[in-house]
Amino acid sequence: MGKFYFKKILFQEGWKKNVKISTDNNGKIDEIIENFGGTDYETKVQLAIPGIPNAHSHAFQYAMAGLTENHSESKSSNFWTWRNEMYNLALNIDPDSLQVIASMLYSEMLKNGYTSVVEFHYLHHDKNGSKYSNLCELGERLLIAAKDVGIHITLIPIFYNRGGFHKKYESEQKRFISHSSEEYIHLFEKTLETVKKYKSNIGIGVHSIRAVDEKMFGEINDYNKDKYPFHLHIAEQIKEVNQSKKYLGTTPVEWLYSNFKIGKNHHLIHATHLTEKETKLITYNNSNVVLCPITEGNLADGVFNYNLYQEQEGNWCIGSDSNVGLSPFEEIRLLDYTNRLKTNKRDTFKNSKSANSGEIAFQAIYNNGHKAKGDEKSDYFEIGSSLDFLDIDHNQPLIHNSSEKNLLNTIIYSTDIRSLKNTYTNGIKRGDDLSEKEEMTLNYNNVIKNIKNY
Ligand SMILES: [Zn+2]
């Protein structure tokens with residue numbers, strides 16, 4: 001149980017002053033009192049915003065962050081050459097090392113303001129491609145890592161069946177593969193049992209339309225019946241769009257919407273290369289796109305056509321994907337600034353009611369990010385939800401002197417991690433124990449030392 005007094009805190013309708021929020025034994029909000037004037041509280045917070053959902057991550061890839069920028073002078077570096085390096089890393093991860101990497105990553109995510117993460121998890125089998133006796137051994141390690149550091153997790157066991165359109169999987173992909181829909185559904189159901197043990201969320205998904213055939217895609221979509229959030233990579237690279245045209249006769253999004261029932265429960269990762277028709281298919285059907293501007297920039301994917309998508313009132317949120325960058329504010333800024341550079345206009349984020357950049361972007365990443373993790377919400381803080389918030393340094397000079405209508409913009413556009421004092425999930429301050437942090441760092445260093453020459 002906790003009792004928090006917030007001098008200023010951000011709700012969906014705007015900043016509120018003097019709010020008391022109490023939690024039950026599980027860290028869920030059981031009371032919100034506005035215009036609070038009493039002294040019955042335990043923790044006083046001067047300035048708070050809600051914790052931020054991260055809607056797309058591949059935890060193991062954190063181990064290669066910063067290690068793929070020393071390019072060959074003679075050979076071109078692109079997404080596909082990066083992917084080879086990523087496969088080499090994937091082949092070298094064992095359950096213990098995955099847990100250690102994920103613990104370090106999730107603790108750094110919390111430090112950067114993410115309070116929940118959606119793990120798009122396709123590394124299922126051992127180094128020979130054989131099943132572990134616990135089918136979801138590696139997925140369970142992610143759940144343990146998340147629980148240990150205190151981040152909420154939605155685990156998505158991913159269906160991966162083939163190496164490309166009409167192409168058997170490659171040896172480097174053997175750890176990812178389910179040989180049939182039945183085999184994948186069995187893995188999903190085992191994962192569901194495990195996720196329940198950890199009181200976490202689950203989603204369902206396929207890696208991409210190149211990684212499963214039409215029949216299998218339909219079987220998984222029918223099996224799900226919109227029960228769990230359905231995630232898939234969609235149009236990240238021009239090469240995969242061209243291959244889709246060649247093998248399926250149409251672009252990825254058109255193919256998807258003309259063959260299956262796709263709606264508000266579908267979350268399309270990296271909808272980078274969309275035609276106008278595809279954009280409308282996504283928005284008319286009220287689906288969501290998960291943008292990962294830092295990774296998309298790092299991997300030279302391309303630029304998302306934000307203006308067209310916004311004109312159609314499309315839903316979007318963010319993810320850290322390869323985890324080469326962990327700042328949610330940087331994801332927003334990069335999306336915005338890429339668009340400004342392209343259009344020579346500064347007002348990227350706007351709708352019929354407002355053109356307040358920070359407020360519009362924050363609402364999008366919060367509301368759609370929660371849908372992506374299978375947890376729809378109507379306000380940033382509400383009864384029954386876990387109390388997740390960021391304690392912002394109100395003495396930071398820019399923040400201290402900002403006005404109410406600009407305060408969120410000041411936090412998002414002009415400050416960084418140094419202005420985030422503490423991150424709370426379930427009403428508990430995270431990352432506080434220095435000896436735990438020291439042990440985590442030592443474990444991490446040892447793991448990286450052993451897999452560095454992958
Ligand atoms: Zn991804």
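Residue numbers start at 1 and run along the sequence shown. In each ligand, atom 1 is the first atom listed, and ligand 1 is the first ligand listed.
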Item to check | Residue among N426, L387, I52, L390 satisfying side chain to side chain contact (heavy atoms under 4.5 Å, CB included) with T115 | outcome: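 Among N426, L387, I52, L390, the one that satisfies the side chain to side chain contact (heavy atoms under 4.5 Å, CB included) with T115 is L390.
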
Checklist outcome for this item: Shell check on the Zn ion (ligand 1): protein N, O or S atoms less than 2.8 Å away are H56 NE2, H58 NE2, H233 NE2, D321 OD1

Item to check | Worked verdict on K215 versus D213 for salt bridge (Lys or Arg N to Asp or Glu O under 4.0 Å) | outcome: CA-CA 6 Å; K215 184 167 165 283; D213 69 19; over 6 Å; no

Next on the checklist: Applying ring pair (Phe, Tyr, Trp, His ring centres under 6.0 Å) as the test, list every pair that has at least one member in residues 87-116; sequence neighbours left out.
Outcome noted: Y87-F176

Checklist outcome for this item: Sequence neighbours excluded, the answer for side-chain contact (heavy atoms from CB on, under 4.5 Å) partners of P229 is H231, N265, H267

Checklist entry - Excluding sequence neighbours, so at least two apart, what forms side-chain contact (heavy atoms from CB on, under 4.5 Å) with E108? => result Y62, M104, K111, L326, K437

Next on the checklist: Less than 4.0 angstrom from a charged side-chain N to a carboxylate O is my criterion; do E193 and K197 meet it?
Outcome noted: no

